[in-house]
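One structure is given here, and the rest of the page talks about it.
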Amino acid sequence: MSVISTFDLPDLGEGLTDAELVRWEVTVGDTVELNQVIAEVETAKAAVELPSPYAGTVVKLHVQEGETVDVGSPFIDIRVAGDEADAPEADAVEPQAPEPVLVGYGVAAESGTRRRRKPAPASDARDTVGAVGHSAPERPLAAPPVRKLAREHGVDLTDVRPTGRSGEVTRADLDRHLTAVKAGAVDEAAPTAAGAAGPDEERTAIRGVRRRTAEAMVASAFTAPHVTEFVDVDVTAMTELVDDLAAHRRFSGVRLTPLALVAKAALVALRGNPSLNSTWDEDAQEIVTKHYVNLGIAAATPRGLLVPNIKNAHTMSLLELARALGELTTVAKAGATPPADLLGGTFSITNVGVFGVDSGTPIINPGEAAILCFGAVRPRPWEWQGEIALRQVTTLSLSFDHRLVDGEQGSVFLATVADALSDPLSLIALS
């Protein structure tokens, strides 16, 4: 006799308590193999593919796409290998199997409830009905990127004429529909309920990385008393050194950027100013000073703002740091940053210069003491050897938690970074 086993959402590690289901890779009736990917979920840290802990047939999906589910809550039922044809509907349900094939598998099912997402716009709601256990019509076939684009534009995919080989709505179909709407050839549905978007509005559900980022930024801004200081720096010598080093054989195949030297300067400055590499422990009423640096780099990714960090950056040479920065950026832009790389940061840098912005007042990453902002490098009039000359100048700004860092400490740190960048040969000597 076959047995139905319930797979609860496992502890995905890193202390996360819930996840949002991005999409199912299986449906009821599908046969799955052990460790076959059955779903993609999104945590506050990263998108994660969930493998099946059983081989068998999918019986029930407990969660809808877009729904947030707590760790330990029922996720999917699978009929484990047996005589499925003769198995009665009242087969016993085993809460979990003992074989630990997943990271964190076997969590105690203490929290058996899950949170439903807030009501979404009418178009988004129609796009998610029809899942297992609901009597709504089956939703149109479409790839996840097409669904995402449709939600962003408030389009109900049932209104789009599909031309895909399997009857799915393609990106081209959606583009044609959007063009027709803009041209007035298609009537847009008028808002019929509270929270529905108007004809010139767009509503996006606050969830996933956006929700977690907002929560973290609000917590930081209203918990840590922020102070921000600024300094303009002549980095002409630094830019020349970057060009020289980039052409050196030791840096062959490595993309060396000014950010690498800024990061190196910050790491050197942290040695003499350890308060900027500390944490405020409210519960223990202690200041925890870290004698290692996990250097966070703020990155704009397809999933929103993330701050992956380079572990033990303080031990790296400039070459190793440049290589690590390149790898971090490549992975972040691909949206593939693993959760472990998003935790444990001790000090962060944000590079607004890549957007042509001169400076900013960045919010400190929660759990850290400070964040350094690197602005655009531009030719500016500058006093040089008693004359006015055009020099390559940037603005550095530093936000720090005034509970952890005194004004003197913050100022000395920022001045040290500025001095190292204006005279990069001293930076190499110090490192």
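Note that the structure is predicted; figures quoted are calculated from it, not measured. Keep in mind that the numbers below use all heavy atoms, side chains included, and drop hydrogens, waters and symmetry copies.
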Measuring from [X]:[atom1] to [Y]:[atom2], what's the distance to the nearest 0.5 Å?
X	Y	atom1	atom2	value
C373	L398	SG	CG	10.0 Å
M316	L325	CE	CG	8.5 Å
R403	E282	CZ	CD	6.5 Å
L50	F75	CG	CZ	5.0 Å
L321	I310	CG	CD1	5.5 Å
L318	R250	CG	CZ	11.0 Å

Exercise. Checking side-chain contact (heavy atoms from CB on, under 4.5 Å) for the pair I371/S348: CA distance, chi angles, key distance, verdict?
Worked result: CA-CA 5 Å; I371 180 171; S348 295; 4.0 Å; yes
Can S278 and K290 be said to form a side-chain hydrogen bond (donor to acceptor under 3.5 Å, both in side chains), step by step?
CA-CA 6 Å; S278 61; K290 314 291 178 61; over 6 Å; no
Donor-acceptor pair between [X] and [Y] side chains, under 3.5 angstrom:
X	Y	answer
D358	T395	no
D419	T416	no
S411	E229	yes
T346	E368	no
T68	D18	no

Is the side chain of [X] donor-acceptor paired with the backbone N or O of [Y] at a distance under 3.5 Å, no angle test?
X	Y	value
T315	N312	yes
E383	G386	yes
E387	W384	no
D406	E408	no
S220	N365	no
H226	I364	yes
D244	L241	no
N309	N294	no
N273	L270	no
S397	G360	yes

Checking V242 against T257 for the side-chain contact (heavy atoms from CB on, under 4.5 Å) test, could you report, in this order, the C-alpha distance in whole Å, the side-chain angles of both residues, the deciding distance, and whether it holds? CA-CA 7 Å; V242 168; T257 65; 5.9 Å; no
Quick one, [X] and [Y] - any side-chain contact, counting heavy atoms below 4.5 Å?
X	Y	result
I287	T289	yes
D232	T394	no
E240	T236	yes
V307	I297	no
H153	L178	yes
L396	F374	yes
P381	I388	yes
S422	M238	no

Exercise: identify the closest heavy-atom pair between [X] and [Y]:
X	Y	value
D401	P225	OD1-CD, 3.3 Å
F7	P51	CE2-O, 4.1 Å
Q392	T239	CG-OG1, 4.1 Å
L21	V63	CD2-O, 3.6 Å
E33	Q36	N-OE1, 2.9 Å
V59	I4	CG1-CD1, 4.2 Å

inquiry  = Please report whether the ring centroid of F413 lies less than 6.0 Å from that of F347.
reply    =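 Ring centres of F413 and F347 closer than 6.0 Å.
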After noting the C-alpha distance and the side-chain angles of I38 and E25, does the key distance pass the side-chain contact (heavy atoms from CB on, under 4.5 Å) rule? CA-CA 5 Å; I38 56 174; E25 300 289 356; 5.5 Å; no
- [ ] Determine the sole option in R378, R391, R380 for which the salt bridge (charged side-chain N to carboxylate O under 4.0 Å, His left out) test with D234 is passed.
- [x]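 Passing option: R391.
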- In terms of side-chain geometry, is the basic nitrogen of E40 or R23 positioned less than 4.0 Å from the acidic oxygen of its partner?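 Between R23 and E40 there is a salt bridge, with a charged N closer than 4.0 Å to a carboxylate O.
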Given S399, which of T228, V405, L372 fulfils the side-chain contact (heavy atoms from CB on, under 4.5 Å) condition?
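Going through the options one by one, the only one that passes is T228.
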Going through the distances and angles, do L259 and I349 end up as a side-chain contact (heavy atoms from CB on, under 4.5 Å)?
CA-CA 9 Å; L259 179 60; I349 298 176; 3.9 Å; yes
**Q.** Contacts of D175 that satisfy salt bridge (Lys or Arg N to Asp or Glu O under 4.0 Å) - sequence neighbours left out
**A.**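 R171.
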When you look at H177 and D159, which way does the side-chain hydrogen bond (donor to acceptor under 3.5 Å, both in side chains) test go after all the steps? CA-CA 8 Å; H177 179 83; D159 296 333; 5.5 Å; no
